Amino acid sequence: GDTIYTANYKIRLSLTNTPEKDEPGYQEATLFTEMHCPPGSMITVDQDDLQSYDVYGRILGKVYCKSGMINEILLSNGHGNILSQYCSTSEFSGEVWAKRYGC
């Protein structure tokens with residue numbers, strides 16, 4: 001739900017956390033993300049300038065799909081929450097959507 005896989009990259013949605021595989025809501029969040037960013041569709045990534053990569057080497061950023069910014073769409077539909085521990089280290093923490101959901 002909170003990671004987008006492309007042919008060449010793994011992109012972790014900045015400040016956005018969805019349930020892990022063994023947690024309730026995982027399947028729903030994953031299907032929701034796939035619905036808004038279908039496999040093979042065009043996406044645009046705005047990489048987080050203050051934290052470009054996570055500890056797993058995934059690109060961190062906002063991801064835009066045809067429906068809009070999936071970070072905010074997941075949060076506004078109850079499929080995730082803000083990772084508030086990263087609000088102080090993300091360039092996006094001051095944006096309206098990030099503030100609205102906990103930064």
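Position 1 is the first residue of the sequence, and the numbers go up from there. Note that the structure is predicted; figures quoted are calculated from it, not measured.
- Here the straight-line distance linking atom CD1 of I82 with atom CH2 of W97 works out to 5.0 Å at 0.5 Å rounding.
- Of the possible polar contacts, none joining the D49 side chain to the E91 backbone as a donor-acceptor pair under 3.5 Å is found.
- Remark: Y26 OH to T18 OG1 distance equals 8.0 Å, nearest 0.5 Å.
- Contact between G102 and C87 at its shortest, heavy atoms only, is O-SG, 4.4 Å.
- Looking only at distances, a side-chain donor or acceptor of N71 sits under 3.5 Å from a matching main-chain atom of V63.
- With rounding to the nearest 0.5 Å, the separation of CG in N17 from CG in L75 is 9.5 Å.
- Judged purely by atom type and a 3.5 angstrom limit, T16 uses its side chain to pair as donor or acceptor with the backbone of S14.
- In terms of heavy atoms, D48 sits closest to L50 at OD1-N, 3.0 Å.
- A continuous path of Ile, Leu, Val, Met, Phe, Trp and Tyr side chains, each step under 4.5 Å between heavy atoms, connects I43 with I70, placing both in one hydrophobic cluster.
- F92 and Y101 fall within the same hydrophobic cluster, defined by Ile, Leu, Val, Met, Phe, Trp and Tyr side-chain heavy atoms under 4.5 Å apart, directly or through other members.
- Without hydrogens or angle criteria, N77 side chain to H79 main chain gives no donor-acceptor distance under 3.5 Å.
- Residue F32 qualifies as enclosed at atom CZ: its count of foreign heavy atoms under 6.0 Å is above 12.
- Closest of all the heavy-atom pairs between G25 and P19 is C-CG, 3.7 Å.
- The shortest non-hydrogen separation linking E34 to P39 is O-CD, 4.3 Å.
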E72 vs E95, side chain to side chain contact (heavy atoms under 4.5 Å, CB included): CA-CA, chis, key distance, verdict: CA-CA 11 Å; E72 182 177 16; E95 294 187 6; over 6 Å; no

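- Minimum interatomic distance between H36 and C65 (heavy atoms only, all atoms of both residues): O-CB, 3.2 Å.
- Hydrophobic clustering (side-chain heavy atoms under 4.5 Å, transitive across Ile, Leu, Val, Met, Phe, Trp, Tyr) keeps M69 apart from V45.
- A donor-acceptor pair under 3.5 Å links the side-chain atoms of E23 to the main chain of E20, judged by distance alone.
- Criterion: ILVMFWY side-chain heavy atoms under 4.5 Å apart, direct or through other members. Under it, Y86 and I11 are not part of a common hydrophobic cluster.
- Between L15 and C103 the shortest heavy-atom distance is CD1-SG, 4.0 Å.
- Contact annotation: the side chain of Y9 never approaches that of R58 to less than 4.5 Å [non-hydrogen atoms, C-beta and beyond].
- Each of L60 and I4 belongs to its own hydrophobic cluster when Ile, Leu, Val, Met, Phe, Trp and Tyr are linked at side-chain heavy-atom distances under 4.5 angstrom.
- With D2 as the fixed residue, the salt bridge (Lys or Arg N to Asp or Glu O under 4.0 Å) test singles out one of K10, R12, K21: R12.
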